[in-house]
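Note: hydrogens, waters and symmetry copies are ignored here, and every other heavy atom, side chains too, is used. The shown structure was predicted, so the numbers you read here are calculated from the model rather than taken from an experiment. Reminder, nothing fancy here: chain letters follow the sequence lines and each chain counts from 1.
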Amino acid sequence: MLTRSFKCASGHRPVGPPLGRGATPKPTANSTRPPPYTPFKALSLLFETTYLTVLYTEYKNLNYAALAEGVLAHWKETNAFEQSVALREGRPTFTFYEGPPSANGMPGIHHVMARTIKDIFCRYKTLKGFQVPRKGGWDTHGLPIELQVEKELGITKDHIGKTISVADYNQKCRETVMRFTDRWNDLTEKMGYWVDLEHPYVTYETNYIESVWWLLKQLYDKGLLYKGYTIQPFSPKAGTGLSSHELNMPGTYKDVKDTTVVAQFKVKPNGKSGFLFFDSADADVYILAWTTTPWTLPANSALTVGANIDYVLVKTINPYTFMPVHVVLAKNLVGRWLNEKGRVDSINSRSGGPSAFDAYLSTDNRNRSGAPAGAIIPWALVSEFKGQHLEGIEYEQLMPYVQPDPAAGKPFRVILGDFVTTEDGTGVVHTSPTFGADDFRVAQQNGIPAIMVKDETGKDVPIVDRQGRFVAEITDYAGRYVKEEYYSDEERADPDFKPTDVLIAIQLKEQNKAFRVEKYEHPYPHCWRTDKPILYYPLDSWFIRTTTMKDRLVELNKTINWQPESTGTGRFGNWLENLVDWNLSRSRFWGTPLPIWRSETREEVCIGSVAELVEHVQKALASDVLTEEQRANDEAFIAAHAAGNVDLHRPYSDEIYLVSETGLLMQREPDLIDVWFDSGAMPYAQWHYPFENKDKFAQSYPADFISEGVDQTRGWFFTLHAIAGMLFDSVAFKNVVSTGLVLDKNGQKMSKSKGTSIDPFITLSEYGADATRWYMMTNTEPWDNLRFNLDGVAEVQRRFFGTLTNTYNFFALYANVDGYRIEQFDRVPREELPELDRWILSKLNTLVREVEASFEAYNPTKAGRLIQDFVNDQLSNWYVRLCRRRFWAGAADASEMSHDKRAAYQTLQHCLASVAQLMSPIAPFYADWLYQNLTAAVREESIARNTPFRHDSVHFTDWQPVAEDWIDTDLEEAMALAQQISSMVHALRKNHKLKVRQPLSRVLIPVVSVGQATGTMQRQIEQVAPIIESEVNVKSVEFVADASGLLTKRVKPNFKALGPKFGKQMKDVAAAITAMTPDELTQLETTNSLQLAGFNLQLTDVEILTEDVPGWVVAVDGPLTVALDVTVTDELRREGIARDLVNRIQNLRKDQNFDVTDKINVALERNNDLLSEAVEANRDYIQQEVQAVSLELVTGLNGSAVEIEMDEFVLKMKVERV
RNA sequence: GGGCUUGUAGCUCAGGUGGUUAGAGCGCUACACUGAUAAUGUAGAGGUCCGUGGUUCGAGUCCACGCAGGCCCA
C-alpha cells in the first residue's frame, strides 16, 4: 500500500515559514475550499478524515510500484486507454503496427524494453493530436510451437499421422500457443503498455488465413509465385528432407573419411583470362578447386572465389601425369598443396642449363614405374592477384556428361561469393547449384544455370535421383550410388568394390584433371533415422520471385526513416541488395497451408478466398472424378462452411479435392508457408482485408511507425517490406526503430541457467514500471545493447523520481499552507516576473522544444535525458533552492499573497505540470499521478472554462506549444554564468576555509576579453548579480576593467583561428604567442594587429585570460575569472557570528520541539567580547530571525543553560518559550 | 568466413563539421550545509579515449589493418 504522512496546515508539524519575519501560518478556512480532490479512489480512503483541508496531497516515502498499481486501477476503471483513442476521433490517424509476439513462451525483461519504445511514440503522437489505434496481435504458427507440443507429448515428427492424427496434433498446437496469454496481458498492463488486447489479430484464425491466401493469390496472379527447388538436407534412404532442427540433433554429425579431389579446371584463354597467360601463352592454365564430394563434380557449373582473397598463379607439374601445368589457388594455401622445399625462383633456367622442371622430369630421375622417384615436385610463383580479377573467367566443363540449358544462363564461369574461405581447400569453391545451398544461392545471384536432366514427364531433375543414384545420362556411373554407405554391406564387402568417388578420382587423374586425390577426415551430417549420410539435394519448393522486384524494394527502402540509420542502409540495405527468391515452403503441420491445388500434369489453381474454394469444391462435386471418400471429404468441407466453422489448417485443407479444367483430380500442394509471411501479412490480415474493413485498412496503411528488435531485420521488417513492395508498390512502414538486445549487467546474454535473467514481473513489482522504463530509455540509446542493471533502476528512482517528488512535495507543502490554487487566468504578467521565474520558464520552453524534436526524431533517450537534466539541475537544484524563501515569506493567505509569492507558485506549478506532460510518454503512471495531484483541485473550473487542465488524465491532454516569446537565450546564458560563478566562489570559499555563513564583501570579475563579448558578459552578469550575491553570501559583485592595471594577463594561441592561416608554421606561431610580452599584447589589443616573429596576428588569433589578480584569491574556468575578496572585516566577522548564532538558536528551538509560532527569550553568557559586539551590532536581525522577544547578555548564566560550540569559542545559552 | 554494430574513469554513459587542459552521474574519500534533510553543496583521487600504423602543424574525432564483445547470415 501507499504509505504517506499527511499533516494538514493546522496540524502539528511545522509548516510554512516558521520563524521568518513574523510569518505565522494561519489555518485556512475550510469553507472557502473547493470540493475535495481524490486523485484515485483507492487512495482517497486514506484521506477521509483530513482531506478536506488539503489541495495537494503530500507524500512521504513514496512507493512507486504501489503508485503505478493505483494509477493502473484508475485507468482500468475509467477505460483510460479507450478514452485516449476515442478522444481523437476524427483527427488524423497515426498508424502503429504491433509486431506479434508468440504467446507460447513467457515474456522477458527485453519485452518490457521493446514495448516501452512502442508505447512512447504512440503516447507522444496521441498528445500531438493524432488518433493512434493500437491493435494487438499474436503470432501463433511455426516450428517452436510444434517442438513444444512434441516435447510435451513425448513424440517426434515421425509419430504424426501414425500414433497421433494431424488433426489432434494441430489441435494441441492451437491449445499450446496461447498458453501464456494471461501472463502476457498481465505484463502489458503492469508495464503501462497501451495496446488493444481485447481485439487482437491471431494468425491462426480463419479470417486471418483467408487474407493471407488472398495475398498469395495476388502474387500468383502477378506471376510472382513459382515452384522451383531449394537445396536441403535430404536422406535418400528415408526418402525425406530434414529440417535444420533435425540436423542439429545430437549425434547427427559424425567423422567420416572421404575421398577428396583437387580438380583442375582448364581456363579458356580470352580477354578476361589473358593476364594468366602473360608468361607463357601456350601453356595450359588450370584453376584448382577442392571438393570432399567428388560425385558432385559432373554437376559443376561454376567456380566461386573471394573478391578480396589473394590468389597466385603457380607453375608446377601434375603429380599424376607429370605434365607441366599452371595452376591458380589462394596464396595462403599454396603450402597446403605444394611442398615449400620444391619452390624455385624461376620457371625457366637462367643459366641456360637445365631448369628444375627439366631436372625433375628427366628420365634419369625416374623409378621403375616411370615416376620421378622421391623427388619433390618443383614449383614457381608466377604472379599474384585479387580474387576479383578472376571474376568472369571461363573454363572448360570438367565432366561433360550433361550440358545445361543455354536459356538458363551462362555456365562455367568464375564468380564471387562471400562464403569462400582460405581455411582449407584452395580458396576456390567448386560450385554445383543442385547440391549445395551456398552454391545455389550464389548461382542464382550470378545467373549460373544448374546441370539438370529431364525426367519422363519432362520435368527438370538433378543428375542424382531420389535414391541417391546417378541418372542414366551420367553414362559411366549410371545407377551407381553416390555415397558408398548406400550400398548394402554385402556389396561393399566385394573385394572389387570401389566407391563412386574413387572411380571418379581415378578417371580425373587419368585425364590430367586431378591435381591431388587424398582421403580426408571431417564431420559430416547423418540422417537420425537411417544413420546414413545425408545429401544436400534439390527439393521442390514454392518461391516468391522477390528478385525481380529487388530494385523497387531497394528504392522504396530509401524512403523509410530507420532509427538507427545504419540498420536501414547497412544491414537491411545489404540484405535487399543480395536478395534471393523467398522460399515460402515449409514441410510442417501447424501453419498456414499453401493454397495451391495441382494435378499430375501440373494443372494448378491458386485459391484466394474461402468463397473461391467453395466454388471449386462445388465444381468438383458436380464432376464424376472424385472417389467416394474424396467426395465425402469435400462434402464435409461444404457442411463446415455452411455451419460457419471452416478450418483451413491441415489436415482439413489436405482433404479437399478439386478437379481441373481437363477433368483431372487436383490435390493441395502439401507445403505450409513460412510463418514470416503470416506476420508480414498483418497490415492486411489484421483487418481481414479485403473481405472486410476496407476503409480501416485504407486509413491505416502504411504504418507510420513500427519497432522491433534488430534481429527482425530479415524477419518481420523484411516480410512487411517485401509484401508491401510487391503487391502494393508501397512501403509498409515509414518510420522504424530497431532495438538492440537487453544483456545482463556484465554485457552477457541473460541466461536462466546462470541465474542472470531478470524476471520482469519482479522488477516491476519492486521498482514500478516508471523507473524501469525510464532507466531503459535513458541509460542507452535503444538500438544499442542495454546492460540491464537493477542498481541503475534504483538510481533512476532515487535520483530522478525522488528529486521530482521532492520538488512536488515542496510545492504541495507550501501551497497547502497558503491555500494556493492553481491560477489559470489571473497570472502575474511576464514583465513583472522576477529574473529567476523568467529564466526557468525560458528553460522550460527550450526544454519543450528540444524534447519535442527528440520525440519527432524517434529518440527517446535524448528526450528523457533532457527532462531529467532539467528537473535535477535547473528546477530542483537552482530554481527551487534559490526560491525557497519566496514560498514561506509574507502572508499565508491567498487573498493577501504578494505578487512575488504568487509568481513563484505559478511558475513552479507550471513547470511541474509541463514536466508531467513531457515525461508522460516514458513514465506514464508517475506522470499521470503528478498531473492528477497538481491539477485535480482545479478540474471543475478547468472543464467549465475549457482550459488545458480539463482532462482527467495527462494522456488526454494536448501537447503544449512552445512559447517562443518566452525563450530568452540571453537570460539563459546569464543564468549559466551565475551558476558557474557561484560554483567558482563556493570552491574558493572551500579552499580558503570560509564557510558560506560568513559574509564577504565582494566578488571581482575581470573583464578583459575581446570586443563585444566583454560587454555582453558584463551586462549578463550584472543582470544576475543579486542572485550570485545571495547564493554565495557576498555583499557585491564588481567588475574590474582592463585599464585598472590590477590584472595579470595571459595569452594563449587560438588554434582554430590560427590553423587555416599558418598551417605548418603552427608550432612557431604558438611559441611566439606564448612568449608575447605585455607591451606586445597591449599593442595587439589596441590596434588589433601585431607583427610577431614575422607573423601578422590579429586579436582573434589569440585568447586572453586573466590569470591572477594580485592580492585576491582567484579561480579560473575557461573564459571566466573570478576573484574573491577574502578580507573579513570586523563588521563582517560580527555579522558572521550573528548568523552562526541564529543557526544555533534555531537548532535549539528544533531540539526542544517548540512550535513554529512560539516566541522565545534568549539569554547568553557574557564571556566573550567578540560575541557581545556581534550581538549588539545585529540584535534586530537575530531577534527577528529566531522570534525572540528578548535577547540578553548576562554574566553567570544558571539553570537550564546549554553549552554551544561556536567556531572560536564555547557559548552558554538559555532558550525559553515565552 | 561475410554484413552490421559497440569499445572513453571502478560502473553507466556524453563528447556537431579534427584545435592542444576529454566531461557528467553513480560509487569512493574528505569537508561543508542542516527548515527540500534517507536531500544538497564543494573538493579530491580515478583515463595508454581497445591496439598498431597512417593522413595532418594538430587525432578520442578522419583513413587502413588488427583485437575484443554483440546481432544477423553462412
| Taking the six-membered ring for Trp, is the centroid-to-centroid distance between A:Tyr64 and A:Trp774 below 6.0 Å? | no
| request: Find out whether A:Gln445 and A:Leu579 are in side-chain contact, i.e. whether some heavy atom of one side chain is under 4.5 Å from a heavy atom of the other. | output: no
| message | Any base atoms under 4.0 Å from A:Asn574, or only sugar-phosphate, or nothing? Heavy atoms, all strands. | response | sugar-phosphate
| task | Can you tell me the pairing partner of B:G1 across any strand shown, Watson-Crick or G-U wobble, with both distances under 3.5 angstrom? | result | B:C73
| query | Do A:Asp581 and A:Thr547 meet the criterion of a side-chain donor-acceptor pair at a distance under 3.5 Å? | reply | yes
| query | Within less than 4.0 Å of OP1 or OP2 of B:C33, is there a side-chain N or O belonging to A:Arg997? | reply | yes
| field | Base-pairing assignment for B:U52 (Watson-Crick or G-U wobble, both under 3.5 Å) | value | B:A64
| field | Whole-angstrom distance between B:A22 and B:C28, as gauged at atom P | value | 26 Å
| request: Look at all strands and tell whether A:Val996 reaches a base, only sugar-phosphate, or nothing, counting heavy atoms closer than 4.0 Å. | output: nothing
| RNA chain B contacts made by residues 869-879 of chain A, counting heavy atoms under 4.0 Å | A:Ser876, A:Asn877
| query | What is the base-pairing partner of B:G25, counting Watson-Crick and G-U wobble geometry with both distances under 3.5 Å? | reply | B:C11
| request: Using atom CG of A:Leu741 as one end and atom P of B:C71 as the other, report the distance to the nearest whole Å. | output: 6 Å
| task | Using the P atoms only, state how far B:A43 lies from B:G18, rounded to an integer number of Å. | result | 33 Å
| query | In whole Å, what separates the P atom of B:G16 from that of B:A74? | reply | 38 Å
| field | Base partner of B:U40, which must satisfy Watson-Crick or wobble distances under 3.5 Å | value | B:A32
| query | For A:Tyr879 and A:Cys911, what are the C-alpha separation, side-chain angles and deciding distance, and is it a side chain to side chain contact (heavy atoms under 4.5 Å, CB included)? | reply | CA-CA 11 Å; A:Tyr879 179 77; A:Cys911 289; 6.0 Å; no
| note | A:Ile231 CD1 to B:A74 P, in whole Å, measures 14 Å
| message | Please compare A:Ser983 and A:Leu786 by the position of their nearest nucleotide in RNA chain B and report the one closer to 5'. | response | A:Leu786
| task | Grab the CG-C1' distance between A:Leu576 and B:C72 for me, whole Å please. | result | 14 Å
| task | Answer whether the closest heavy-atom distance between the side chains of A:Ile867 and A:Thr778 falls below 4.5 Å. | result | no
| said: With a 3.5 Å limit on both atom pairs, tell me what B:G58 is paired to, counting Watson-Crick and G-U wobble, or say none. | reply: none
| task | Round to the nearest Å and state the distance from A:Leu333 atom CG to B:G1 atom C1'. | result | 13 Å
| Ring-face cation contact, A:Trp562 with A:Arg571, 6.0 Å cut, 45° max | no
Distances under 3.5 Å between nitrogen or oxygen atoms of protein and nucleotides 27-30 of chain B:
none

| request: Check the distance between B:A32's P and A:Asn1143's CG and give it to me in whole angstrom. | output: 13 Å
| Is the centre of the A:Phe811 ring less than 6.0 Å from the centre of the A:Phe887 ring? | no
| field | Residues that A:Ala443 engages under side-chain contact (heavy atoms from CB on, under 4.5 Å), provided they are two or more places apart | value | A:Pro433, A:Ile448
| field | P gap between B:U29 and B:C13, integer Å | value | 24 Å
| query | Given the P atoms of B:G51 and B:G7, what is the spacing between them in whole Å? | reply | 13 Å
| request: Rounded to whole angstrom, note down the C1' distance from B:G60 over to B:U48. | output: 12 Å
| field | Separation of B:G25 P from A:Tyr775 OH (nearest whole Å) | value | 18 Å
| query | What does A:Arg799 touch in the nucleic acid at a heavy-atom separation under 4.0 angstrom: a base, only the sugar-phosphate, or nothing? | reply | sugar-phosphate
| query | How far, in whole Å, is B:A59 from B:G69 if one measures between their P atoms? | reply | 30 Å
Can you name the atoms? Protein N/O to nucleotides 5-11 of chain B N/O, anything below 3.5 Å, with the distance.
none

| field | Reference residue A:Thr431; test side-chain hydrogen bond (donor to acceptor under 3.5 Å, both in side chains); the match among A:Thr304, A:Asp439, A:Asp438, A:Asn446 | value | A:Thr304
| field | Gap in Å between the two C1' atoms, one belonging to B:G54 and one to B:G46, rounded | value | 32 Å
Close N or O pairs between protein and nucleotides 54-62 of chain B (under 3.5 Å):
unit_1	atom_1	unit_2	atom_2	d
B:C57	N1	A:Gly1063	O	3.2

| said: Within the 4.0 Å heavy-atom criterion, would you say A:Thr778 contacts the bases, only the backbone, or no part of the nucleic acid? | reply: nothing
| request: Starting from P on B:G69, measure out to CG on A:Asn785 and report it in whole angstrom. | output: 14 Å
| A:Asn859: side-chain hydrogen bond (donor to acceptor under 3.5 Å, both in side chains) partners, not counting sequence neighbours | A:Glu781
| field | Nearest-angstrom distance from the residue atom CG of A:Asp1140 to P of B:U34 | value | 8 Å
| message | Side chain of A:Arg865 only, heavy atoms from C-beta on: which candidate in B:U34, B:C71, B:C13 is closest? | response | B:C13
